[in-house]
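Some notes on the structure that comes next.
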Number of protein chains: 2
Amino acid sequence: MSRKIYVSAKEVAERAGVSRSAVSRTFTPGASVSAETRRRVTEAAHELGYHVNHLARGLMRNESGIVCLIVSEMDTPYRASLVRALTRRLQSQSKVAMLINTDRSDSSVDQALKQAISYRADASIILSGMPDRSITDLCLRSGQRLVLINRDEDRDGALMINLDDQEAARRALSAFLEAGCRSFAFANSEVMTPSLMAREVGFQAAAREKGLEVTVERYGSTTYQSGVVLAERMLEREHRPDAIFCANDLIACGVMDVARHRYKLAVPEDLCVIGFDNIEQAAWSSYQLTTFAQPVEEIAVRAVEWLSDHRPVEIHSHRLGTQLIWRGSVREAKS
Amino acid sequence: MSRKIYVSAKEVAERAGVSRSAVSRTFTPGASVSAETRRRVTEAAHELGYHVNHLARGLMRNESGIVCLIVSEMDTPYRASLVRALTRRLQSQSKVAMLINTDRSDSSVDQALKQAISYRADASIILSGMPDRSITDLCLRSGQRLVLINRDEDRDGALMINLDDQEAARRALSAFLEAGCRSFAFANSEVMTPSLMAREVGFQAAAREKGLEVTVERYGSTTYQSGVVLAERMLEREHRPDAIFCANDLIACGVMDVARHRYKLAVPEDLCVIGFDNIEQAAWSSYQLTTFAQPVEEIAVRAVEWLSDHRPVEIHSHRLGTQLIWRGSVREAKS
DNA sequence: GGAACGATTGCACACGCTTGCAAAGCGGGT
DNA sequence: ACCCGCTTTGCAAGCGTGTGCAATCGTTCC
């Protein structure tokens, strides 16, 4: 099966009886072509099924139109929705997403960034892991733009988009307090992403300000199964918490299921739960989880608008707010 | 911010004191280079941060290494897991996934395929929608490989991967029968994908063979919310079904939640439910949904192995089996 | 009619890479 | 010493574009 079958501008030019440059210009917005030439070219192109070769164009322009999304566990609800929002946004700016899957290891993120470089991506958006500084430097030096989402470490020249996790944690605590809760716990994974840690630390700090203690438990990664284990550990105890703030909606779902099915606790009467992310399942009637909504759409907008912003960049960091979505996993305030 | 900052093979060659071809060959597996030259080149390359330009390489070789994944609603659990499996698999073959989001419309799929052509993708994998024949023909003529997953329509030269939906539907019916169910329903969306329809038709046909009737209800798309509406319609009736086969796990979750919370039915005692896909949530203890597992990994393997298979292709179609995962949403057979 | 001017167009080079081809190097066998 | 065969290397052509530059064309104005 031969392969050099794509039709080229040259063939279109011959068919249309014009020079090759005319073809090129026809497909270059803002170039100078007469209406007649353009017509003949587009016609010939259509007949032959010609499409500009973006690889060659990228070679010339030093601008491939490719943006790499570097992400691990992308089948997780929150990640998936973010990836979707980003690809949509990119497409609307006539860029295209190259999806690179990593495991949690930073070395695989390094590997992914090298891929990005090889394909001369205009930018890379990192949703998981933290690459080595030498690699990010290389990216930046190569003229690539870099966006870090929810990774706190600094990289000069990269755009960092973060949430106000601490603020959210404080709100969570006051929601619990208004509901009359007395004993607080935080259910975390062992992943220790800065943003996850900020939730934990923020929750603890807010409690301490009120003279309250928080039991922190950590286990595994940010999954439903971890939530199951965490809940078992927490609810086994003598003094069970009556309020659990979870690093994550998935964990929260696991916690709720164990609380209800295994310990026969009623949510929110016996136990209040707050999650984070507002994944789709949080709204399902089995959970009705009160949680913080990540501004996924806004994250995508900010990330992508920064990519196409050709001015020398000033703002390198956004801290976006989250919205507390009230559902049924926290008691109504006693009025 | 200037842009032509990527280091090229020429610079590496100068630094290493060799010809530019030597550099090229160093990075071409199987090319003839002496150990010494290779060493000097890799060293220089490393120092300068050189990475082969895949755009230019693709231009020469007529092989970009890019594979387009064309998909709608990719934040849906099943889709997300498939996308993940595919990207992983592709990466392991040192290909890379370009992710294109479409809405349900076929025209947006056409658009996506044109993108694929523009980037000279080696192949396109279509997970949603059905593109116009003229476009797929163009793709094939251009030497692009095409994989259609779960879309039944024929396209000569494309690989089609389907599930044995009908067979699964039959198994669902006999599972219900063994559980002693009497009144059967099928909860479908209005999407009418061939594969969804096969489940419906297969279920109905199997029932008819036993002289039984199936109530079919269709609504919306294949989401949790549709499941909610479908369940309301079905359970409102005089004669409620005591067995519902759902086109989809998401629908099944919606159905179960409505059955339990709104109609106070016990699953599986009052109502048996079977889903399809085996999404992660099906295993959550709030659902414990008995469902058919799609062989996601195998789909990915088959799709990708076909892409790198350079022999003239013979087999153009796979029909893969599904596995019934027994959980708690169907009664045990009375022994 | 001629000049001046702007809009089009074609030529040719550049982008960074691969690869066929021929020249060069190297070693061994006679 | 010579020749043969194999490996290594450099040269240069080509992949499909974009674009600066100069040439051409058509129009308007005096």
Side-chain angles (χ1 to χ4, degrees), chain A residues 2-42 44-45 48-66 117-122 142-143, chain B residues 2-42 44-45 48-66 117-122 142-143:
Chain A
S2 56
R3 268 194 157 286
K4 37 172 52 187
I5 333 186
Y6 280 104
V7 22
S8 75
K10 188 172 153 202
E11 302 171 52
V12 177
E14 280 163 10
R15 173 154 193 139
V18 297
S19 83
R20 213 183 44 71
S21 343
V23 178
S24 190
R25 285 192 245 266
T26 299
F27 292 99
T28 304
S32 160
V33 204
S34 73
E36 171 61 8
T37 315
R38 157 163 279 130
R39 197 191 55 72
R40 296 171 61 184
V41 170
T42 31
L48 294 175
Y50 170 75
H51 293 261
V52 179
N53 185 333
H54 273 53
L55 267 46
R57 169 180 282 182
L59 197 54
M60 273 301 302
R61 291 216 180 131
N62 269 315
E63 193 174 327
S64 59
I66 296 175
I117 292 178
S118 287
Y119 277 101
R120 298 304 188 256
D122 297 339
S142 306
Chain B
S2 57
R3 268 194 157 288
K4 38 171 55 186
I5 333 187
Y6 281 104
V7 22
S8 74
K10 188 172 154 202
E11 302 172 52
V12 176
E14 280 164 10
R15 174 152 192 141
V18 299
S19 82
R20 215 171 46 69
S21 349
V23 178
S24 191
R25 286 193 245 263
T26 299
F27 292 100
T28 303
S32 159
V33 204
S34 75
E36 171 61 9
T37 315
R38 158 163 281 130
R39 198 191 54 72
R40 296 171 61 184
V41 169
T42 31
L48 295 174
Y50 169 76
H51 292 261
V52 179
N53 185 332
H54 273 53
L55 268 48
R57 167 178 284 182
L59 197 53
M60 271 301 302
R61 293 219 180 127
N62 270 315
E63 191 173 328
S64 59
I66 296 175
I117 292 178
S118 288
Y119 276 99
R120 298 304 187 255
D122 297 339
S142 307

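Below, chains carry the letters A, B, ... as their sequence lines are ordered, and counting in each starts from 1. All values below come from the heavy atoms of this structure, side chains included, with hydrogens, waters and symmetry mates left out.
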Any donor-acceptor N/O pair, D122(B) side chain to S64(B) backbone, under 3.5 Å: yes

NE2 on H54(B) to CZ on R57(B), rounded to 0.5 Å: 5.5 Å

Residue of the set T42(B), T26(B), V41(B), V18(B) for which side-chain contact (heavy atoms from CB on, under 4.5 Å) holds with V12(B): V41(B)

From dC17(C), dG10(C), dT17(D), nucleotide with atom closest to A56(B) side chain: dC17(C)

Protein-nucleotide distance (L59(B), atom CG; dT17(D), atom P), rounded to Å: 8 Å

Value in whole Å for how far the C1' atom of dC15(C) lies from CG of N53(B): 9 Å

Sugar-phosphate only, base, or nothing, as touched by F27(B) at under 4.0 Å among non-hydrogen atoms: nothing

Value in whole Å for how far the P atom of dG16(C) lies from NE2 of H54(A): 19 Å

Y119(A) side chain near dG16(C) phosphate (N/O to OP1/OP2, under 4.0 Å): no

DNA chain D contacts made by residues 31-42 of chain B, counting heavy atoms under 4.0 Å: S32(B), V33(B), S34(B), T37(B)

side-chain N/O S19(A) vs dT9(C) OP1/OP2, d < 4.0 Å: no

Rounded interatomic separation in angstrom, taking CE from M60(B) and P from dC15(D): 8 Å

Residue whose nearest DNA chain C nucleotide is more 5′ - G17(A) or V23(B): G17(A)

Could you list, one pair per line, each protein nitrogen or oxygen that sits under 3.5 Å from a nitrogen or oxygen of nucleotides 20-24 of chain C, together with the distance?
none

Distance test, side-chain N/O of R20(B) to OP1/OP2 of dA12(D), below 4.0 Å: no

Gap separating the CZ atom of R120(B) from the CG atom of L55(A), nearest 0.5 angstrom: 8.0 Å

Step-by-step side-chain contact (heavy atoms from CB on, under 4.5 Å) determination, N53(A) to S8(A): CA-CA 8 Å; N53(A) 185 333; S8(A) 75; over 6 Å; no

Value in whole Å for how far the P atom of dG18(D) lies from CZ of R61(A): 6 Å

Side chain to side chain donor-acceptor pair (under 3.5 Å) partners of S34(B), counting only residues at least two apart: T37(B)

Residue V18(A), side-chain heavy atoms: nucleotide from dG10(C), dT19(D), dG14(D) that is nearest: dG10(C)

Atom pair distance, as rounded to whole Å: CZ in R120(A) and P in dG16(C): 8 Å

Reported CZ-to-CZ distance for the pair R25(B) and R20(B), which is rounded to 0.5 angstrom: 10.5 Å

N62(A) CG - dT17(D) C1' separation (whole Å): 13 Å

From dT18(C), dG10(C), dT17(D), nucleotide with atom closest to V52(B) side chain: dT18(C)

Whole-Å gap separating C1' (dG14(D)) and CZ (R57(B)): 17 Å

Exam field: side chain R40(A) to backbone A16(A), donor-acceptor pair closer than 3.5 Å: yes

Centroid-centroid under 6.0 Å between F27(B) and Y50(B) rings: yes

side-chain contact (heavy atoms from CB on, under 4.5 Å) between T28(A) and R61(A), intermediate numbers included: CA-CA 12 Å; T28(A) 304; R61(A) 291 216 180 131; 3.5 Å; yes

